[in-house]
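Okay, so here's the structure we're looking at.
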Number of protein chains: 2
Amino acid sequence: MKKHTDILLNNKLRVTEPRLVMVKVLHSQSKPVSAEYLIQKTQLDKVTVYRTLHTFVEHGLLREIDLRQGKLLYELADRPEHHHVVCTDCGVIEDVDACVFESLQSKVLRDSGFAKVTDHAMEFFGLCKQCDA
Amino acid sequence: MKKHTDILLNNKLRVTEPRLVMVKVLHSQSKPVSAEYLIQKTQLDKVTVYRTLHTFVEHGLLREIDLRQGKLLYELADRPEHHHVVCTDCGVIEDVDACVFESLQSKVLRDSGFAKVTDHAMEFFGLCKQCDA
DNA sequence: ATTTTTTTTGCAACTAAGTTGCACTTATTC
DNA sequence: GAATAAGTGCAACTTAGTTGCAAAAAAAAT
């Protein structure tokens with residue numbers, strides 16, 4: 001499929017079969033996925049999956065997310081920025097629109113004496129309606 | 001020292017030598033510390049350290065913090081709630097006063113359709129003044 | 001189009017953080 | 001002080017991810 005090839009080319013990445021397979025699987029999922037999931041779905045060697053994930057993150061194609069599950073998750077970066085809320089019971093993940101981070105940044109700098117804030121993690125944990133019932 | 005014994009008793013925990021040693025080391029540090037640091041400082045078996053950390057967290061004595069360093073950090077929960085900003089260059093950690101989380105909670109519930117938010121992670125990453133210079 | 005160069009891939013072996021099973025020891029309860 | 005319950009430490013294991021290196025595949029040069 002031309003679309004997936006273009007995604008790689010647009011990001012100045014070599015077009016290889018493993019990368020096309022990974023882009024395809026990543027596009028098929030609307031929720032963040034783990035390296036483990038990609039290894040199983042793509043049947044690629046785990047080293048290839050881990051290395052490709054890093055490459056994609058470096059090129060800004062993917063976002064790396066830590067939802068306290070002992071492993072990192074990945075989602076395509078072409079979606080609008082947002083945060084996540086994770087059910088601590090069943091693990092379901094829902095989106096939360098981009099946060100009020102801008103207004104917090106100055107407070108962070110003031111409190112800490114840091115020079116710059118370049119990134120932040122803001123994730124929420126709770127119970128989804130099913131698990132709360 | 002009576003103080004450390006009391007901390008354990010107040011939290012309905014058995015008073016044992018390893019626990020007293022751990023409380024002592026935890027009190028000696030104002031910044032969050034890793035399990036590794038505690039293992040090295042206390043000379044206790046790593047299994048004991050990991051299990052005691054979990055016990056302390058369950059009893060509300062400790063807070064567990066994930067600052068994306070591939071390992072969890074721990075700090076005493078008797079300090080006022082706050083967040084952290086981490087220098088992505090040198091790793092130094094500074095505190096940020098409790099966040100505007102209350103005002104975000106309703107937004108999170110609205111966006112996600114969750115029933116409850118019980119916890120959140122909100123950490124910042126950037127450059128401290130030294131590393132930015 | 002073929003050769004050369006460069007990058008990517010996959011295997012095997014490794015690492016780091018943390019966990020589990022189990023016998024032994026140490027606190028608290030009676 | 002004996003019985004009971006909980007905590008400790010060793011060895012061995014697990015899980016997520018990494019490193020070295022030779023073979024394979026892309027892109028660049030001819």
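Residue numbers start from 1 in every chain, and the chains themselves are labelled A, B, ... in the order their sequence lines are given, proteins ahead of strands. These numbers were taken from a predicted model, which means no experiment stands behind them.
Atom CG in Leu26(B) sits 12.0 Å away from atom NZ in Lys41(B) (nearest 0.5 Å). In this structure, CD in Gln40(B) is found 8.0 Å from CD in Glu36(B), a value given to the nearest 0.5 Å. The NE2 atom of His82(B) sits 4.0 Å away from atom CG of Asp95(B), with the distance rounded to the nearest 0.5 Å.
Distance, Tyr50(B) OH to dC13(D) P: 19 Å, rounded to whole Å. Straight-line distance from the CZ atom of Phe56(B) to the C1' atom of dT8(D): 13 Å, rounded to whole Å. Summarising the geometry, the separation between CG on Leu53(B) and C1' on dT8(D) is reported as 14 Å, rounded to the nearest angstrom. With rounding to whole Å, Arg14(B) atom CZ is found 14 Å from dT4(D) atom P. If you take CZ of Arg19(B) and P of dG9(D), they are 11 Å apart, rounded to a whole angstrom. In this structure, Asp66(B) places its CG atom 15 Å from P of dA16(D), rounding to the nearest Å. Nucleotide dA6(D) holds its C1' atom 14 Å from the CD atom of Glu58(B), rounded to whole Å. Atom-to-atom, CG of Asp45(A) to P of dG20(D) comes out at 17 Å; the value is rounded to the nearest Å.
A sub-4.0 Å separation between OP1 or OP2 of dG17(D) and a side-chain N or O of His54(A) is absent. At the phosphate of dG9(D), OP1 or OP2 sits under 4.0 Å from a side-chain N or O atom of Thr48(B).
Looking only at side-chain heavy atoms (C-beta outward), Glu17(B) and Leu20(B) come within less than 4.5 Å of each other. Contact of the Thr52(A) side chain with the Arg19(A) side chain is registered, since non-hydrogen atoms from C-beta on lie closer than 4.5 Å.
The main-chain N or O of Val47(A) is found under 3.5 Å from a side-chain atom of Asp45(A) such that the two form a donor-acceptor pair. Side chain of Lys71(B) to backbone of Ser34(B): no donor-acceptor contact under 3.5 angstrom is found. Under a 3.5 Å cut-off, the side chain of Arg63(B) and the backbone N or O of Pro32(B) do not form any donor-acceptor pair.
Of all heavy-atom pairs between Leu67(A) and Phe125(A), the closest is O-CE2, 3.6 Å.
Counting any heavy atom pair closer than 4.0 Å across all strands shown, Thr52(B) reaches sugar-phosphate atoms only and no base atom.
Nucleotides of DNA chain C that come within less than 4.0 Å of any heavy atom of chain B span, from the 5' end to the 3' end, dA17(C) to dT28(C).
Rounded to 10°, the angle separating the first-five-pair axis and the last-five-pair axis of the helix from dA1(C)-dT30(D) to dC30(C)-dG1(D) equals 30°.
Taking for each of Val15(B) and Val47(B) the nucleotide of DNA chain C with the nearest heavy atom, the 5'-most of the two is the partner of Val47(B).
Residue-to-nucleotide contacts include a donor-acceptor pair under 3.5 Å from the side chain of Arg51(B) to the base of dG9(D).
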